[in-house]
Amino acid sequence: MVLIQEIMGSNPIGSEKFDLSRMRKVLASGFFDRPTLRVAKELLGKFLVRRFPRRSASGLRKSASREAAAMIIEVEAYIGFHDLASHASRGKTARNTVMFGRAGVWYVYFTYGMHWMLNIVTGPKGYPAAVLIRGIEGIPGPARVTKYFKVDRRMNLKPASRKTGLWIEDRGARIPKSRMKRGMRIGVDYAGSWKRKLWRFYVV
DNA sequence: TAAGTGATCTCT
DNA sequence: GAGATCACTTAA
């Protein structure tokens with residue numbers, strides 16, 4: 001909790017200053033309905049923003065909702081029908097149906113008996129693809145992102161928007177090319193030749 | 001390096 | 001219904 005408060009309004013990569021009030025553009029579905037690798041790459045430097053649900057202890061008093069945001073610094077792309085690292089590679093199932101749907105919708109699933117993974121659906125309807133949010137500044141690791149931003153299955157199938165309480169903003173930060181890297185995806189050794197795809201993008 | 005944890009999927 | 005697997009984290 002302390003960690004999240006520290007992150008709010010933090011300077012993204014230390015080197016460049018910018019004014020938060022200058023630019024806060026919420027990314028709409030049009031941003032995500034584009035080639036997945038391009039979306040993935042461009043997500044670096046964008047901000048994941050969470051409005052925490054209001055709490056009401058007694059039912060009478062409600063505290064003001066609180067907002068947290070942090071810059072996205074690591075993502076992975078999962079693309080198409082044949083990518084063996086993707087849940088979609090074995091066809092449409094109850095779990096992965098959202099990947100085949102409209103871009104800009106959250107795909108949240110549970111794994112290893114304890115971790116929630118946060119993905120945003122990309123590309124045209126009918127074509128299964130998504131980008132996994134692997135890390136945000138101050139919170140490296142996909143399961144930590146969901147833990148600290150309190151994201152679980154309730155966010156699954158919901159669009160990324162202010163209305164749903166979890167969205168992505170362009171706040172004007174730009175990552176220098178020298179700090180952008182790409183590499184193989186993590187934890188997909190089982191995926192045959194697909195594991196060697198350089199579909200992970202991260203900021204160093 | 002390995003335990004922990006339970007939903008999901010494949011195969012009977 | 002059983003058994004294997006898993007887009008991970010933590011502690012050692």
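Basis for what follows: all heavy atoms, side chains included, without hydrogens, waters or symmetry-related copies.
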- prompt: Taking for each residue the nucleotide of DNA chain B bearing the nearest heavy atom, is the 5' side occupied by His115(A) or by Arg153(A)?
  reply: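 It is His115(A) whose nearest nucleotide is closer to the 5' end.
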Over how many whole Å does the gap from [X] atom [atom1] to [N] atom [atom2] extend?
X         : N       : atom1 : atom2 : value
Met117(A) : dT9(C)  : CE    : C1'   : 9 Å
Asn156(A) : dT8(B)  : CG    : P     : 10 Å
Asp152(A) : dG6(B)  : CG    : P     : 15 Å
Arg90(A)  : dA7(C)  : CZ    : C1'   : 12 Å
Tyr78(A)  : dC6(C)  : OH    : C1'   : 11 Å
His87(A)  : dT10(B) : NE2   : P     : 12 Å
Leu84(A)  : dT10(B) : CG    : P     : 13 Å
Lys147(A) : dT5(B)  : NZ    : P     : 14 Å

Residue-phosphate contact under 4.0 Å: Thr111(A) side-chain N/O, dA7(C) OP1/OP2: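 Indeed not, no polar side-chain atom of Thr111(A) lies that close.
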- prompt: Okay, side chain of Asp33(A), backbone of Ser29(A): is any donor-acceptor separation there less than 3.5 Å?
  reply: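 No, Asp33(A) side chain to Ser29(A) backbone: no donor-acceptor pair under 3.5 Å.
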- prompt: Within the stacking criterion (centroid distance below 5.5 Å, interplanar angle below 30°), does Tyr112(A) stack on dG6(B)?
  reply: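 No, the aromatic ring of Tyr112(A) does not stack with the base.
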- prompt: Would you call Arg38(A) and Glu42(A) a salt bridge, taking side-chain N to carboxylate O under 4.0 Å as the test?
  reply: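 A salt bridge is present here (some side-chain N lies under 4.0 Å from a carboxylate O).
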Report the nucleotide, chosen from [options], that has the shortest atom-to-atom distance to any side-chain atom of [X].
X         : options                : value
Arg95(A)  : dT9(C), dT8(B), dG4(B) : dT8(B)
Phe110(A) : dC9(B), dG6(B), dC8(C) : dG6(B)
Tyr190(A) : dT9(C), dC9(B), dC6(C) : dC6(C)
Val188(A) : dA7(C), dC8(C), dC9(B) : dA7(C)

field: Close side-chain approach of Tyr202(A) to Met180(A), heavy-atom, < 4.5 Å
entry: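 No, their side chains stay 4.5 Å or more apart.
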- prompt: Taking the inter-plane angle between the rings of Tyr107(A) and Tyr109(A) on a 0 to 90° scale, is it parallel (under 30°), tilted (30 to 60°) or perpendicular (over 60°)?
  reply: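 It falls in the tilted class, 30° to 60°.
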message: When you measure from the centre of the six-membered ring of Phe47(A), is the NZ or CZ of Arg24(A) closer than 6.0 Å and no more than 45° off the axis?
response: no
message: Once you apply a heavy-atom cut-off of 4.0 Å, does Ala85(A) come out as touching a base, just sugar-phosphate, or nothing?
response: base
- request: Go ahead and name the base partner of dA3(B); Watson-Crick or wobble counts if both distances stay under 3.5 Å, otherwise write none.
  value: dT9(C)
- prompt: Does a distance-only test, which skips hydrogens and angles, find a donor-acceptor pair under 3.5 Å between the side chain of Tyr109(A) and the base of dA7(C)?
  reply: yes
